[in-house]
Amino acid sequence: MNTATGGEETGGRSLRAQMASELRERLKEGRPLRVYLGADPTRPSLHIGHFVPVQKLRVWQELGHQVVFLIGDYTGLIGDPTGQSSERKRFTHEQLMEMAKDYTQQVFRLLDPEKTEVRFNGEWLSKLSFAQIIELAAIFPLKWIVSRRDFADRLARGESLRLHETLYALMQGYDAHALECDVQVGGYDQHFNLLAGRWIQEHFGRKPHICWTYPLLMGTDGRKMSKSYGNSIDILDTPEDMYGKCMRISDDLLPSYIDLTTNFAPAEAEALKARLREKGVNPMEIKKQVATNLVTQYHGAEAAQAAGDQFQRVVQDKALPDDIPEIALPAELAGAPIAWVDLIVALNLAASKGEVRRLIAQGGFYVEQETITDPAATRAPGGTTLVRMGKRRYFKIVG
RNA sequence: GGGGAGAUUCCCGAGUGGCCAAAGGGAACAGACUGUAAAUCUGUCGGCGUACGCCUUCGAAGGUUCGAAUCCUUCUCUCCCCA
């Protein structure tokens with residue numbers, strides 16, 4: 001059964017079409033729908049890739065539907081095995097509750113706390129009896145579980161796969177049932193977990209919820225978005241960083257960013273994507289609109305405007321940024337001329353003298369906006385000196 | 001428990017006695033150009049020295065050798081196959 005395999009190829013057109021038609025039916029009921037997103041608080045800091053469903057939840061919220069944000073304090077005890085190539089590190093309930101604080105704080109950058117129902121799945125999962133778990137477990141043919149690509153791969157490679165991991169989907173599915181929701185949103189990889197909710201709801205004679213999933217958002221360079229790749233845009237980024245990182249999105253990824261991260265009205269989004277396909281249109285202009293939209297969502301229109309202005313000034317017009325960090329010279333370095341190479345290393349602004357020399361040799365070291373070409377150049381003591389290393393690392397050395 | 005493969009500079013990955021600070025790719029950094037911090041092109045990419053050079057590095061510790069990432073011994077860890 002195709003829909004049970006849980007991989008990114010699942011679902012397919014027919015399922016999506018079915019979900020769309022079920023959603024249309026449900027909307028005809030004319031009441032606010034309960035739309036839920038669950039997340040396990042197993043990561044300390046989040047990026048906009050994690051936030052694609054959150055961003056969509058906000059759209060639902062703005063349309064007047066009841067949005068539920070579920071914190072997986074119990075599912076987090078297992079850790080979602082979806083897409084994992086090995087057993088996950090497990091957290092204690094205390095750790096999870098601690099991380100949940102940061103988590104909700106970040107989520108409320110987008111969602112309206114007043115209008116959001118926040119729940120913890122420990123509320124019901126902790127109360128299930130063994131008999132109830134048996135009943136739930138009986139819903140899932142083992143074949144569905146072991147044919148999921150992630151599990152199948154691990155089994156094929158002879159790697160550890162433990163029973164508790166196979167229960168994850170059951171737990172998430174039960175959440176959907178307990179929350180009596182109409183729609184569950186999630187990443188595309190969550191198909192299996194979302195469908196589990198439908199099976200459980202159907203088992204209990206309920207109308208199954210609609211599964212609404214979103215494709216994976218790639219990092220700004222086209223690889224998987226990950227903090228360690230340095231290609232992520234993080235929820236807690238400053239407006240300037242967020243804007244700048246948006247401008248760094250590869251041109252060909254722009255359409256997916258428009259779809260997944262902005263809250264343009266559908267027609268507007270389509271228009272932007274159409275513009276991108278036109279000849280002679282500078283993608284930069286559209287990228288700026290995406291950046292402004294994104295920063296506005298997280299920081300407000302004013303901050304977005306300011307960030308855009310700063311980008312224009314600093315990057316495009318190559319002017320000085322607003323606040324350049326000042327570095328006061330420690331006593332032992334002050335008072336005498338010192339070679340730039342030594343100074344920069346002493347201040348920990350570079351890992352080695354060779355690195356600074358290289359920068360100078362390549363014409364990327366500037367003092368008071370003048371390129372330094374002599375690797376032995378020194379700085380005279382006293383006063384404030386503006387230093388620029390490379391494209392955008394500015395410092396003021398004082399003392 | 002038995003058999004096999006492997007651990008290389010940030011990552012992947014070549015390298016089986018000197019030409020190896022170590023191919024190639026990726027990332028990163030710089031410069032050029034541009035339509036942006038995109039794309040493209042060029043360069044750099046262990047440390048110290050202006051420099052012929054010196055020092056440290058190829059899982060760990062020893063050993064063989066004029067000379068080892070490459071050979072031997074032991075150890076640690078990882079993966080695969082069989083039971």
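Side chains included, hydrogens not; waters and symmetry mates left out as well; all remaining heavy atoms used. A note on names: the letters A, B, ... follow the listed sequences, proteins ahead of strands, and every chain is numbered from 1.
- Straight-line distance from the CE atom of A:Met247 to the C1' atom of B:A38: 9 Å, rounded to whole Å.
- Summarising the geometry, the separation between CD on A:Glu285 and P on B:A37 is reported as 13 Å, rounded to the nearest angstrom.
- In this structure, B:G1 forms a base pair with B:C82, meeting either the Watson-Crick or the G-U wobble geometry with both donor-acceptor distances under 3.5 Å.
- A:Trp212 and A:Trp60 have their aromatic ring centers separated by at least 6.0 angstrom.
- Here, B:C58 and B:A23 have their P atoms 16 Å apart, quoted to the whole Å.
- Residue-to-nucleotide contacts include no donor-acceptor pair under 3.5 Å from the side chain of A:Arg248 to the base of B:A38.
- Taking only side-chain nitrogens and oxygens, A:Arg358 never comes nearer than 4.0 Å to OP1 or OP2 of B:A28.
- Looking only at atom types and distance, the side chain of A:Gln184 has no donor-acceptor partner in the side chain of A:Gln190 under 3.5 Å away.
- Across all strands shown, B:G67 forms no Watson-Crick or G-U wobble pair with both key distances under 3.5 Å.
- If you check every strand for non-hydrogen atoms under 4.0 Å, A:Gly363 touches sugar and phosphate atoms only.
- A 6.0 Å sphere centred on CD of A:Glu302 holds no more than 12 heavy atoms belonging to other residues, nucleotides or ligands.
- The base of B:G43 sits with one of its N or O atoms less than 3.5 Å from a complementary donor or acceptor on the side chain of A:Gln362.
- The OH atom of A:Tyr394 sits 12 Å away from the C1' atom of B:A37 (whole-angstrom rounding).
- Counting distance only, with no hydrogens placed and no angle test, the side-chain atoms of A:Asn282 and the base atoms of B:U36 include no donor-acceptor pair under 3.5 Å.
- Ranking B:U36, B:A39, B:G31 by closeness to the A:Tyr366 side chain, first place goes to B:G31.
- We find that CG of A:Asp251 is positioned 11 Å from C1' of B:A37, with the value rounded to whole Å.
- Nearest-nucleotide mapping onto RNA chain B: of A:Leu359 and A:Asp252, the residue sitting toward the 5' end is A:Leu359.
- Taking the P atoms as reference points, B:U42 lies 24 Å from B:G47, given to the whole Å.
- Taking the C1' atom of each, B:C33 and B:U40 are spaced 8 Å apart, rounded to whole Å.
- The nucleotide B:U56 finds no pairing partner, because no Watson-Crick or G-U wobble arrangement with both distances shorter than 3.5 Å includes it.
- Look at the C1' atom in both B:C48 and B:U57: the space between them is 15 Å, to the nearest Å.
- Across all strands shown, B:C77 forms a Watson-Crick or G-U wobble pair, both distances under 3.5 Å, with B:G6.
- Between the P atoms of B:G43 and B:G25, the separation comes to 11 Å (whole Å).
- Contact annotation: the side chain of A:Asp40 approaches that of A:Tyr168 to within less than 4.5 Å [non-hydrogen atoms, C-beta and beyond].
- Between A:Ala351 and A:Arg388, the one whose closest nucleotide on RNA chain B sits nearer the 5' end is A:Arg388.
- In this structure, A:Arg392 places its CZ atom 11 Å from C1' of B:A28, rounding to the nearest Å.
- Nucleotide B:C41 forms a Watson-Crick or G-U wobble pair with B:G31, both donor-acceptor distances falling under 3.5 Å.
- Judged by Watson-Crick or G-U wobble contacts below 3.5 Å, the nucleotide B:A14 has no partner.
- In this structure, NZ of A:Lys353 is placed 9 Å from C1' of B:G49, rounded to the nearest angstrom.
- At B:U44, none of the side-chain N or O atoms of A:Arg357 fall inside 4.0 Å of OP1 or OP2 (strictly under the cut-off).
- One side chain, A:Asn121 or A:Thr75, offers a donor N or O that lies under 3.5 Å from an acceptor on the other.
- Atom P of nucleotide B:A38 and atom CZ of A:Phe311 are separated by 9 Å, given to the nearest angstrom.
- Between the side chains of A:Gln289 and A:Glu285, no donor-acceptor pair is found at a separation under 3.5 Å.
- To the nearest whole angstrom, the two P atoms, one in B:U16 and one in B:C71, are 9 Å apart.
- The partner of B:A22, taking Watson-Crick or G-U wobble pairs whose two distances both stay under 3.5 Å, does not exist in any strand shown.
- Judged purely by distance below 3.5 Å, without hydrogens or angles, the side chains of A:Gln132 and A:Lys127 never pair a donor atom with an acceptor atom.
- Here A:Lys288 lies out of heavy-atom contact (under 4.0 Å) with every strand.
- Residue-environment remark: CZ (A:Arg313) exceeds the threshold of 12 foreign heavy atoms within 6.0 Å.
- For the P atoms, the distance from B:G59 to B:G49 is 29 Å, rounded to whole Å.
- As rounded to the nearest Å, B:U9 and B:A69 have P atoms that lie 14 Å from one another.
- Listed pair A:Ser352 / B:C48 meets the phosphate criterion, a side-chain N or O lying under 4.0 Å from OP1 or OP2.
- One can place CG of A:Leu254 at 13 Å from C1' of B:A39, the figure rounded to the nearest angstrom.
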